[in-house]
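Please read the structure below before turning to the comments.
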Amino acid sequence: MCGIVGAVAARPVAGILLEGLRRLEYRGYDSAGMALWSETEGQGALSRLRRIGKVQALADALEQQPLPGNLGIAHTRWATHGRPAEHNAHPHMSGDRVAVVHNGIIENFERLRDELMAAGYKFSSETDTEVVAHLVDQQVQAGATLLEALRSAMQRLEGAFALGVIHRDYPGLLLAARKGSPLVIGVGIGEHFIASDQLALLPVTDRFMFLEDGDIAALGVDQVQIWDRAGNRVERAVSRFEHGAGSAEKGEFKHFMLKEIYEQPSVMKSVLEGRVSGDHLLEQAFGSEAAALFDATRQVQIVACGTSFHAGMVAKYWIESLVGIPCMVEVASEFRYRTVVLPKGTLLVTLSQSGETADTLAALREVKDRVLGTLAICNVPGSSLVRESDLALMTNAGPEIGVASTKAFTSQLVALMLTTLALGRRHGVLPGTEAQIINALKGLPELLQQLLALDPQIEQMAAAFAEKHNALFLGRGALYPIAQEGALKLKEISYIHAEAYPAGELKHGPLALVDKEMPVITVAPNNEMLDKLKANMQEVRARGGELFVFAGNVRRGCT
Ligand code: M6R
């Protein structure tokens, strides 16, 4: 994941930018760079330093070659267009005049690049970002102000992006813009900042303005001006960062697990941020090699543990029904120790919140040379799993401190659906469905809010089986692994023995256990399997079992 930091101040900013980049290291990256404005012999000039590898490599280079200046932008890059290389690292420049840092994906960059090349611009990188620098330059050369130039460039860009821009002839002016990728403004006293994550700026400020989609901001030392997508001057509220060390505090919640359950609506937005544009997927978000790898994928092997395994099981239903290719799912502790047959064209998908689970990591190491390619779906960018995989999709759920996975699970499901869409698109099987699914994913935060509002009813239900010693969870289809995850959560959190079954298996043995002491929790979506599930519930009733049904429509609640 790329990271942006920018600063305009009355003091040198290279150190502030460097510290900001260090704080974004947790997001994972392959190169880092910065560009600063300074004055030499009465003339403005931009100087730039970029290094492949760690931010420390950039810091070492800065020791050798300090960059003076009170205005600058900096970036950590995660390759999506063009391999990790110094010439592909940001900032990108147009001549010695404009410098740009960018997060996100410019989908129409090839068309724009051809057009700019025809107009005489030479490209020195393989990135999509460089078109932004040249587009802005082209407008300024034609007489536009820097602000007008950025506005007009933005109108031509398709995709999701956050941008920081400086210009040789505009001392003391830092421009920022966002559409679909996060960007915040840090408000200081006599200085202002931008960053893709407020954590980058905590050493210099705790006051932030959050840009909305389509906003452009002009930052000077003394003021910030913001225009919305229609070009109207707007104010964005300044809020104080009150979480201290951040998400590592439980605030008003009794414990971290509860806090993390309540974070799910916002986590759903973070997983989608920068991955979708309008109603379609930005598949480059998986990395620059993704398209070729997905094209060649003939089957998928998912490997994971615990909750992550359950998320993988759900994806099996999606991949096989929507993409039409085989998908195998196995717990890593089994997979790694047995002789596995991996047919040609296998994409290995590892799923892990932490990215450090020993069995999952060992499974990856065991077979990575025998598969077509590897994709890690993970919440911790710098983790071993991410570093050692060909492709990575971060779940962006923020730190999960509670031992029981909650928001990590739901964010994995969204990431897996994005993976299904990417595979479906490459295999040409999802025309029409993609937009429908993306729109449904966008509705998740609202649905989750509605679900969280059922808290009092859920608490009442919980009281009904708090004293029980056993529970059964039932589901069918993709809801069977959800039932498995429910059983795992109940065991882990309340020490009540719980098992999950595909509802159709009930009559093949477990029904014998059902009596009035056995709560049976059923996940019952309103789909083609509902009638079959109802029949299974009748079996439970007939044995006097106590049913708790999570029905498809959350408004109807739990009965
Ligand atoms: O970090 P991982 O997702 O690889 O962890 C795997 C399991 O240990 C984990 O999902 C565990 O089952 C959950 N925390 C249980 O709630």
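Start at 1 and go down the list; that is how both ligands and their atoms are numbered. All figures in this text were calculated on a predicted structure; none of them were measured in a lab.
Taking the side chain as every heavy atom from C-beta outward, D213 and R178 approach each other to under 4.5 Å. Side-chain contact between L513 and M518: present, with at least one pair of heavy atoms (C-beta onward) separated by less than 4.5 Å.
With sequence neighbours excluded, no residue satisfies side-chain hydrogen bond (donor to acceptor under 3.5 Å, both in side chains) with D515.
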Is there any protein N/O under 3.5 Å from an N/O of ligand 1, and what does the full list of such pairs look like?
from, atom 1, to, atom 2, distance (Å)
ligand 1, 1 (O), S352, OG, 3.3
ligand 1, 1 (O), Q353, N, 3.4
ligand 1, 1 (O), S354, N, 2.9
ligand 1, 1 (O), S354, OG, 2.7
ligand 1, 1 (O), T357, OG1, 3.3
ligand 1, 3 (O), S308, OG, 2.6
ligand 1, 3 (O), Q353, N, 2.7
ligand 1, 4 (O), S352, OG, 2.6
ligand 1, 4 (O), T357, OG1, 2.5
ligand 1, 5 (O), T357, OG1, 3.4
ligand 1, 10 (O), T307, N, 3.1
ligand 1, 12 (O), T307, N, 3.2
ligand 1, 14 (N), V403, O, 2.9
ligand 1, 14 (N), S405, OG, 3.4
ligand 1, 16 (O), T307, OG1, 3.4
ligand 1, 16 (O), S405, N, 2.9
ligand 1, 16 (O), K489, NZ, 3.0
ligand 1, 16 (O), E492, OE1, 2.7
ligand 1, 16 (O), E492, OE2, 3.2

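The distance from atom CG of L416 to atom OG of S308, rounded to the nearest 0.5 Å, is 9.5 Å.
Of the charged side-chain nitrogens involved, at least one lies within less than 4.0 Å of a carboxylate oxygen, so that E263 and K259 count as a salt-bridged pair. Using a cutoff of 4.0 Å between basic side-chain nitrogens and carboxylate oxygens, E283 and R426 are scored as salt-bridged.
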